[in-house]
Amino acid sequence: MTQQVDQQHIIIVGGGMTGGLLAVLLAEQGLKVTVLDGAPAPAMPQGKAQLRVSTLTEASHWLLRNTGVWDYLDASRVQPYSAMQVWDQDGTGEVLFQAEEVGAESLGWLLENGHLAAALYQKAATLPTLDWQCGVQVDALRRDAGTGQWAVRSGDMHWQADLLVGADGARSQVREQAGISGGPRDSGHHALVATIATEQPHGGCARQVFMDAGPLALLPLFTDADTDSEQAGQRQCSIVWSAWPERIAELRDKDAVSFAAELQAAVGDALGPVTLLSERAVFPIQARHASQYVSAGLALVGDAAHVIHPLAGQGVNLGLLDAAVLAEEVVRACEQGRHCADPAALARYQRRRRGENLLMQNAMRGFQALFEQRAMPVRWLRNTGMRWVNQAGPVKGFFARQAMGRTTDLPARAKPPVFGARASSR
């Protein structure tokens with residue numbers, strides 16, 4: 001890179017998983033990066049599992065492996081799953097996806113959001129051109145039309161950014177200051193998350209049951225260090241229960257025994273009797289999609305650009321791919337002696353990610369609408385379709401590969417090393 005490019009400064013507002021990965025991807029190429037994160041410094045979780053967890057696809061896994069972030073994770077708190085069972089509560093439709101059917105060891109990995117953020121933070125500390133500042137609330141953002149730089153202020157501290165990136169979540173201050181529309185679309189659902197114990201071990205299988213009020217996911221959790229055996233540890237799951245707000249409020253307010261009974265009625269005998277182990281957290285589900293991902297000297301990634309229904313667990317994975325593609329385009333521009341905020345590079349980022357994210361968002365909206373239909377003909381078609389997919393190997397394999405993140409336009413760092421090397425050499 002030229003000296004002029006090396007002196008350019010990229011500021012990412014928002015740390016977390018998406019902003020943290022973007023910072024690492026840029027800084028490992030020698031670019032000067034500052035992360036302004038309003039949250040405290042991420043710390044490795046200890047003891048019981050945190051309530052907020054994410055499923056990582058194969059593409060996300062390779063992103064973390066190829067950047068060295070995976071090495072900073074506590075392996076004992078990462079739970080791979082090799083199967084996924086999906087069924088309709090009111091019918092006979094069921095699909096069972098298995099990793100071996102697509103030539104993989106795992107379909108995905110479960111880990112706590114705070115765990116991944118802490119691993120990214122630790123990796124960031126090893127990169128000399130990366131300054132990750134925590135507890136910094138951005139007070140003002142303004143672009144100088146003359147210089148093209150963004151002025152960022154927090155209290156008495158000031159920064160100048162050649163490229164400003166909004167990774168500051170669904171209520172993005174960066175998006176608002178840039179004048180980019182991205183208002184919420186109410187999904188009609190709230191989500192309840194909690195940790196449960198099950199009589200039977202989860203066996204490394206992620207499960208999801210669709211009900212008329214919304215989907216319920218049972219996600220396998222890691223083995224607790226204080227359990228007597230691995231089998232005992234495999235009896236804990238994280239649940240994400242999406243339903244109408246009135247239904248979620250009712251579930252939240254029930255006592256632990258009554259809630260467990262409701263949960264048991266929803267999942268049947270999938271894992272035997274269940275017990276509530278944690279508090280219950282509730283949050284609204286609002287779909288968002290920014291009208292554009294880029295502006296002059298600015299880009300949006302992750303939830304600042306798009307928010308989708310959590311029923312397929314794809315939200316964080318879309319954000320991580322945003323980070324990888326944006327980094328790929330920015331680094332390519334810099335290697336060619338162009339500006340880090342080169343309009344053509346930012347346009348390429350938007351073109352590569354916005355359509356794909358919109359497609360996933362619309363698919364999730366369609367699934368939600370399909371399973372909320374109670375008309376008997378629709379239910380019959382739905383269950384028949386699920387049984388057909390379960391028996392049609394190529395079709396089931398296609399859905400599994402999509403869920404694993406094996407898309408046609410993966411950034412090089414999201415591929416296994418041999419394929420990533422080939423992609424980089426072209």
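None of these values were measured; they are calculated from a predicted model.
Note that the CZ atom of Phe97 and the CE atom of Met84 stand 7.0 Å from one another [nearest 0.5 Å]. One finds the OG atom of Ser181 at 7.5 Å from the CD atom of Gln292 (value rounded to the nearest 0.5 Å). Taken from CG in Leu56 to CG in Leu63, the straight-line distance is 10.0 Å, to the nearest 0.5 Å. Rounding to the nearest 0.5 Å gives a distance of 8.5 Å between CD of Gln236 and NZ of Lys48. For the atom pair Asp74 CG and Met44 CE, the distance stands at 7.0 Å (nearest 0.5 Å). Atom-to-atom distance recorded for Asp409:CG and Arg351:CZ is 10.0 Å, nearest 0.5 angstrom.
Counting heavy-atom neighbours within 6.0 Å of Arg153 CZ, excluding the residue itself, gives a total above 12.
Between Ser54 and Met17, the closest side-chain pair of non-hydrogen atoms falls below 4.5 Å. A heavy-atom distance below 4.5 Å is found between the side chains of Leu251 and Trp241. In this structure, the side chains of Arg142 and Trp150 stay at 4.5 Å or more apart for every pair of heavy atoms. A heavy-atom distance below 4.5 Å is not found between the side chains of Val193 and Ser238. Contact annotation: the side chain of Cys340 never approaches that of Leu31 to less than 4.5 Å [non-hydrogen atoms, C-beta and beyond]. Using a 4.5 Å heavy-atom cutoff, the side chains of Val138 and Val152 are in contact. For the pair Leu320 and Leu318, the minimum side-chain heavy-atom distance is 4.5 Å or more. Using a 4.5 Å cut-off on side-chain heavy atoms (C-beta onward), Gln79 and Trp109 make no contact.
Of the residues Leu219, Leu271, Thr195, the one that meets the side chain to side chain contact (heavy atoms under 4.5 Å, CB included) test with Cys237 is Leu271. None of Arg413, Arg352, Arg348, Lys415 except one satisfies the salt bridge (charged side-chain N to carboxylate O under 4.0 Å, His left out) rule with Glu328; the exception is Arg352. The side chain to side chain contact (heavy atoms under 4.5 Å, CB included) with Leu298 is formed by just one residue from the set Val174, Leu141, Val165; it is Val174. With Lys123 as the fixed residue, the side chain to side chain contact (heavy atoms under 4.5 Å, CB included) test singles out one of Val69, Asp71, Leu21: Val69.
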* Verdict with supporting geometry, Ile10 and Leu22, side-chain contact (heavy atoms from CB on, under 4.5 Å) -> CA-CA 11 Å; Ile10 300 171; Leu22 176 61; over 6 Å; no
* **Evaluation steps, side chain to side chain donor-acceptor pair (under 3.5 Å), between Asp162 and Gln149** => CA-CA 5 Å; Asp162 295 286; Gln149 291 185 316; 3.2 Å; yes
* Asked: What's the verdict on side chain to side chain donor-acceptor pair (under 3.5 Å) for Gln137 and Asp139, showing C-alpha distance, side-chain angles and the deciding distance?
  -> CA-CA 6 Å; Gln137 298 287 345; Asp139 296 321; over 6 Å; no
* Step by step, would you call Glu199 with Arg235 a salt bridge (charged side-chain N to carboxylate O under 4.0 Å, His left out)? -> CA-CA 6 Å; Glu199 181 185 60; Arg235 291 191 172 96; over 6 Å; no
* Asked: Do Tyr121 and Trp132 pass the ring pair (Phe, Tyr, Trp, His ring centres under 6.0 Å) test, and can you show the C-alpha distance, the side-chain angles, and the key distance before you say yes or no?
  -> CA-CA 8 Å; Tyr121 187 69; Trp132 189 327; 5.2 Å; yes
* Show your working on side-chain contact (heavy atoms from CB on, under 4.5 Å) between Leu164 and Val13 and close with a plain yes or no. => CA-CA 8 Å; Leu164 180 67; Val13 179; 3.8 Å; yes
* Using the side-chain contact (heavy atoms from CB on, under 4.5 Å) rule, take Ile12 and Leu36 through it: C-alpha gap first, then chi angles, then the decisive distance, then the call. => CA-CA 6 Å; Ile12 301 170; Leu36 303 179; over 6 Å; no
* For His9 and Trp159, run ring pair (Phe, Tyr, Trp, His ring centres under 6.0 Å): C-alpha distance rounded to whole Å, both residues' side-chain angles, the deciding distance at 0.1 Å, then the answer. => CA-CA 9 Å; His9 187 198; Trp159 298 268; 8.4 Å; no
* **side chain to side chain donor-acceptor pair (under 3.5 Å) between Ser82 and Ser106, worked out** => CA-CA 4 Å; Ser82 57; Ser106 300; over 6 Å; no
* Test Thr126 against Gln122 for side-chain contact (heavy atoms from CB on, under 4.5 Å), laying out the working first. => CA-CA 7 Å; Thr126 69; Gln122 291 184 8; over 6 Å; no
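No donor-acceptor pair closer than 3.5 Å links the side chain of Arg207 to the backbone N or O of Pro220. Side chain of Asn317 to main chain of Ser60: no donor-acceptor pair is present (N/O by atom type, distance under 3.5 Å, no hydrogens or angles). Side-chain atoms of His202 come within 3.5 Å of backbone N or O of Leu221 as a donor-acceptor pair. Of the possible polar contacts, one joining the Asp168 side chain to the Gln173 backbone as a donor-acceptor pair under 3.5 Å is found. Between the side chain of Gln336 and the backbone N or O of Arg338, no donor-acceptor pair lies under 3.5 Å. Asn357 contributes a side-chain N or O that, together with a main-chain N or O of Arg353, makes up a donor-acceptor pair within less than 3.5 Å. Judged by distance alone, the side chain of Asp322 and the main-chain N or O of Gly302 form a donor-acceptor pair under 3.5 Å.
Nearest heavy atom pair, residue Gly297 against residue Leu346, reads N-CD1, 4.4 Å. Residue Ser291 comes nearest to Ile180 through the heavy atom pair OG-CG2, 3.6 Å, listed as atom of the first residue, atom of the second, then distance. The two residues Ala59 and Leu321 come nearest to each other via the heavy atoms CB-CD2, 4.4 Å. Residues Cys134 and Ala39 share a closest heavy-atom pair of CB-O, 3.4 Å. Across all their heavy atoms, Asp342 and Ala333 have their closest contact at CB-CB, 4.3 Å. A pairwise comparison of heavy atoms in Val33 and Ala27 identifies CG2-N, 4.1 Å as the closest pair.
For the 3.5 Å distance criterion, the side chains of Gln50 and Arg52 fail to qualify, holding no donor opposite an acceptor. Side-chain atoms of Ser242 and His190 form no donor-acceptor pair, as typed in the model, at a separation below 3.5 Å.
For the pair Arg175 and Tyr293, the cation does not sit on the ring face, since its NZ or CZ is not both under 6.0 Å from the ring centre and inside 45° of the axis.
Using a cutoff of 4.0 Å between basic side-chain nitrogens and carboxylate oxygens, Arg247 and Glu262 are scored as salt-bridged. Look at Glu112 and Arg77 and you find a salt bridge, because one of the NZ, NE, NH1 or NH2 atoms lies within 4.0 Å of a carboxylate O, short of that distance. Note on Arg332 versus Glu329: salt bridge recorded, some NZ/NE/NH1/NH2 to OD/OE distance being below 4.0 Å.
In this structure, Trp70 and His61 have perpendicular ring planes: the angle between them is above 60°, well past the 30° mark.
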